[in-house]
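Okay, structure first, notes after.
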Amino acid sequence: AIPMAAPPGKGEVMLQVKSVGICGSDVHYWQHGEIGDFKLGDRLVLGHETAGVVHMIGEGVTDLQVGDRVALEPGVACGQCNNCKIGRYNLCPEMKFW
């Protein structure tokens, strides 16, 4: 059995994942280990298009409730570069994935 994660902290939520998809990029990494100039240097968990239900909420969370259905965006853009400022955050050169 997988142990239950710690309860969500301040400003966090815990989700019950209902579905995870793989996109064309995932398939390309799986089959070729690279996309264009980006080559995998370490292991990569595929499947980042995720949907679920809010299971628990932490202190201070006011915009979600237990039972809300959500889709996840795993990329965290910088919000400051030109791509972010014109709404093309998916092209942010500083994108970090959690």
Side-chain angles (χ1 to χ4, degrees):
I2 298 173
M4 180 72 149
K10 185 175 183 177
E12 297 179 334
V13 298
M14 180 184 291
L15 302 178
Q16 180 182 24
V17 174
K18 296 291 189 177
S19 182
V20 178
I22 60 171
C23 67
S25 297
D26 290 337
V27 172
H28 205 80
Y29 281 127
W30 173 54
Q31 291 180 337
H32 304 287
E34 63 186 19
I35 294 179
D37 293 337
F38 186 81
K39 296 181 187 334
L40 293 178
D42 202 352
R43 291 181 284 174
L44 176 69
V45 176
L46 301 177
H48 59 270
E49 297 171 345
T50 308
V53 176
V54 176
H55 181 68
M56 297 173 72
I57 60 172
E59 179 186 341
V61 175
T62 59
D63 54 345
L64 292 169
Q65 298 178 43
V66 171
D68 283 353
R69 296 184 302 176
V70 295
L72 306 181
E73 170 58 79
V76 180
C78 76
Q80 303 300 314
C81 70
N82 286 336
N83 284 324
C84 286
K85 289 179 180 178
I86 63 171
R88 299 181 74 189
Y89 72 92
N90 59 309
L91 299 177
C92 175
E94 301 300 319
M95 182 72 73
K96 305 287 186 245
F97 292 92
W98 47 267

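Index from 1, following the sequence. Predicted model, so just to flag it, every value in this text is computed and none were measured.
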Glu12 meets the side-chain hydrogen bond (donor to acceptor under 3.5 Å, both in side chains) criterion, sequence neighbours left out, with none
Lys96 meets the side-chain hydrogen bond (donor to acceptor under 3.5 Å, both in side chains) criterion, sequence neighbours left out, with none
Those residues at least two apart in sequence (or on a different chain) that pass salt bridge (charged side-chain N to carboxylate O under 4.0 Å, His left out) with Lys10 are none
Sequence neighbours excluded, the answer for side chain to side chain contact (heavy atoms under 4.5 Å, CB included) partners of Val61 is Val13, Ile57, Asp63, Leu64
For Met4, the other hydrophobic cluster members (4.5 Å side-chain criterion, sorted by chain and number) are Met14, Met56
d(Asn83 CG, Met95 CE) to nearest 0.5 Å is 9.5 Å
Between the SG atom in Cys23 and the OH atom in Tyr29, the distance rounded to the nearest 0.5 Å is 9.0 Å
With clusters defined by side-chain heavy atoms of hydrophobic residues (ILVMFWY) lying less than 4.5 Å apart, directly or transitively, does Val76 cluster with Val70?
yes
Could you check if a side-chain atom of Val54 sits within less than 4.5 angstrom of a side-chain atom of Leu15, using non-hydrogen atoms only? yes
His28 meets the ring-ring contact (aromatic ring centres under 6.0 Å, His included) criterion, sequence neighbours left out, with His32
**Prompt:** Got more than 12 heavy atoms from elsewhere within 6.0 Å of CD, Gln65?
**Reply:** no
Review item, side-chain donor-acceptor pairs of residues 85-94, under 3.5 Å, at least two apart:
residue : atom : partner : partner atom : Å
Lys85   : NZ   : Gln80   : O            : 3.4
Tyr89   : OH   : Glu73   : OE1          : 3.0

### Query
Where do His55 and Val66 land on the side chain to side chain contact (heavy atoms under 4.5 Å, CB included) test, with the steps shown first?
CA-CA 5 Å; His55 181 68; Val66 171; over 6 Å; no
